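Below is one structure, written out as structure tokens; comments come after it.
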2 protein chains.
Amino acid sequence: MAKDASAGRGNTRGRILEACRLLFNERGPTDVTTAQIAAAVGINEGNLYYHFQRKEQMLEALFDLFEQALRVVAAADLAYAGDAPRYRDYLGGWFGLIWDWRFFYRDAGRVSRLAPGLRPRLKALSDEGEAQIRRALVGMREAGLMQATAEQTERLLVNAWIVSTYWIDYLRSRHGIADVKREHIDQGIRQVLELFVPYLTPRGLELTLPGRPDAA
Amino acid sequence: MAKDASAGRGNTRGRILEACRLLFNERGPTDVTTAQIAAAVGINEGNLYYHFQRKEQMLEALFDLFEQALRVVAAADLAYAGDAPRYRDYLGGWFGLIWDWRFFYRDAGRVSRLAPGLRPRLKALSDEGEAQIRRALVGMREAGLMQATAEQTERLLVNAWIVSTYWIDYLRSRHGIADVKREHIDQGIRQVLELFVPYLTPRGLELTLPGRPDAA
DNA sequence: GTCTATAATGAGATAGAC
DNA sequence: GTCTATCTCATTATAGAC
């Protein structure tokens, strides 16, 4: 699930960012101190400040990485329109992303306060995310995979957004799951799909639900 | 929406707790300092520490109030079983509670760290909440208001939990709504009901959806 | 109960040697 | 690039006068 930004040896900057991502995901950016970050990387606090003069800059650099990862997942767009879209893989990609960068979702308010410069970028990102889900839904309707009124589609959109965004936090807060595994991601996908099921046409059901052969 | 725990004049303790509730809801317990709390109450920091020796104790006292409020809402249970259950009012009560005490939901991890003694109580509370929703769903099924398999009911339960728990945070994070009004609560209720609609019988639809007369 | 100090800690951040 | 040493400041918390 986790990418290895710490790969390039000698790349202290990358190792710092990777440590930040892990620690921030665990406890949130405001509850992790620079001393803890330095300790996790195995360097001195002074060295940390050589690479990032302010905590704010770490958050900005992390957001850059997040955007990159996001673009990769978004690129694996459902070129749906009828031909066997891999909805489950697609959703799995999103859940993985949300998991890897969950502090940006969970602690968005704190991130905004700590790095005000990120505010517009955070907003733009979620606007784009919504637009993307909407495109997917409209595409499914047009491809005859789904049958729903415009109003139903909008409500479905919002519910899908909420369940997919908060699924990860739900696992932690409700079931104490700190270590998310593939099966948990699959469960989340199933939960989101369940929202769609009542509106799917037989053809839509075939394409999205598991257990049924992936008829072309 | 907000209860007036600050009512009894001379009751500094109550005023402190109410200030805490508001501030914690705004920024979370770890991002609000004792100085800010004292300032909000209009007292000195030293005085604050006369009433609560540790921040932890404020959280514990707040949780007591939260549990009280919760019991009140829970008492307004749906004695559903067929006769005109006021699902909307019931849901509205829950949303109001979640709104008034949203930091307990949103910052549950931080609360647990700051006041470890609350951990089992937080857990017990959400277990009970889940049991309550499950009872409501099973009740609806038995009353012929809903038609769904056991598996569908379980998924519905989880999705309803997620949407109702995170609706408030969704409003803030996605739409920047800091000041939740009656209409936003109503919207949330509508979103949750939308999850049920596909499984409702005609009689169930009559009882839950607005616009239709509340036939007895 | 409430205030005025003031102590104690720990976090973010910098200077300068190596 | 990395370290040691140090600074500043905010935050939690206490002592003791009123």
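Treat the numbers as computed from the prediction; the structure is a model and nothing was measured. Every heavy atom of this structure was used, including side-chain atoms; hydrogens, water molecules and symmetry mates were not. In what follows, every chain begins at residue 1, and chains take the letters A, B, ... in the order their sequences are listed.
Rounding to whole angstrom units, CD1 of residue Ile43(B) and C1' of dG1(C) are separated by 10 Å. For the pair Asn44(B) CG and dA5(C) P, the interatomic distance rounds to 10 Å; values are reported in whole Å. The interatomic distance linking Asn11(B) (CG) with dG1(C) (C1') rounds to 12 Å, in whole Å. Atom-to-atom, CZ of Phe52(A) to C1' of dT2(D) comes out at 15 Å; the value is rounded to the nearest Å.
With 3.5 Å as the limit, one finds a donor-acceptor pair spanning the side chains of Trp94(B) and Tyr90(B). Defined by atom type and a distance below 3.5 Å, a donor-acceptor pair is present between the side-chain atoms of Gln191(A) and Asn159(B).
Annotation: Glu154(A), atom CD; neighbour count of heavy atoms from other residues, nucleotides and ligands within 6.0 Å is above 12.
Here Asp169(B) pairs with Arg172(B) under the salt bridge (charged side-chain N to carboxylate O under 4.0 Å, His left out) rule; sequence neighbours left out. When the salt bridge (charged side-chain N to carboxylate O under 4.0 Å, His left out) test is applied to Arg27(A), no partner is found at least two apart in sequence or on another chain.
A salt bridge is defined here as a Lys NZ or Arg NE, NH1 or NH2 lying under 4.0 Å from an Asp or Glu carboxylate O, and Asp186(B) with Arg190(B) fails to meet this definition. Using a 4.0 Å cut-off between charged side-chain N and carboxylate O, Asp107(B) and Arg102(B) make no salt bridge.
In this model, the phosphate group of dT2(D) is approached by a side-chain N or O of Asn47(A) to a distance below 4.0 Å at OP1 or OP2.
In the set dT2(C), dC3(C), dC3(D), the nucleotide with an atom closest to the side chain of Thr12(B) is dT2(C).
By the 4.5 Å heavy-atom criterion applied to side chains, Ile98(B) and Trp167(B) are not counted as neighbours.
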Q: Can you check each nucleotide of nucleotides 12-18 of chain D against protein heavy atoms at under 4.0 Å and return B for base, S for sugar-phosphate only, - for none, in 5' to 3' order?
A: BBB----
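The ring of His175(B) has its center closer than 6.0 angstrom to the ring center of Tyr170(B).
Listed in residue order, the members of residues 106-113 of chain A having a heavy atom less than 4.0 Å from DNA chain D come to none.
When the local axes at the two ends of the helix from dG1(C)-dC18(D) to dC18(C)-dG1(D) are compared, using 5 base pairs at each end, they differ in direction by 0° after rounding to 10°.
Exactly one residue among Leu23(A), Leu59(A), Leu22(A) makes a side chain to side chain contact (heavy atoms under 4.5 Å, CB included) with Phe103(A). That residue is Leu59(A).
For residues 42-65 of chain A, the set of pairs meeting the salt bridge (charged side-chain N to carboxylate O under 4.0 Å, His left out) definition, not counting sequence neighbours, comprises Asp64(A)-Arg121(A).
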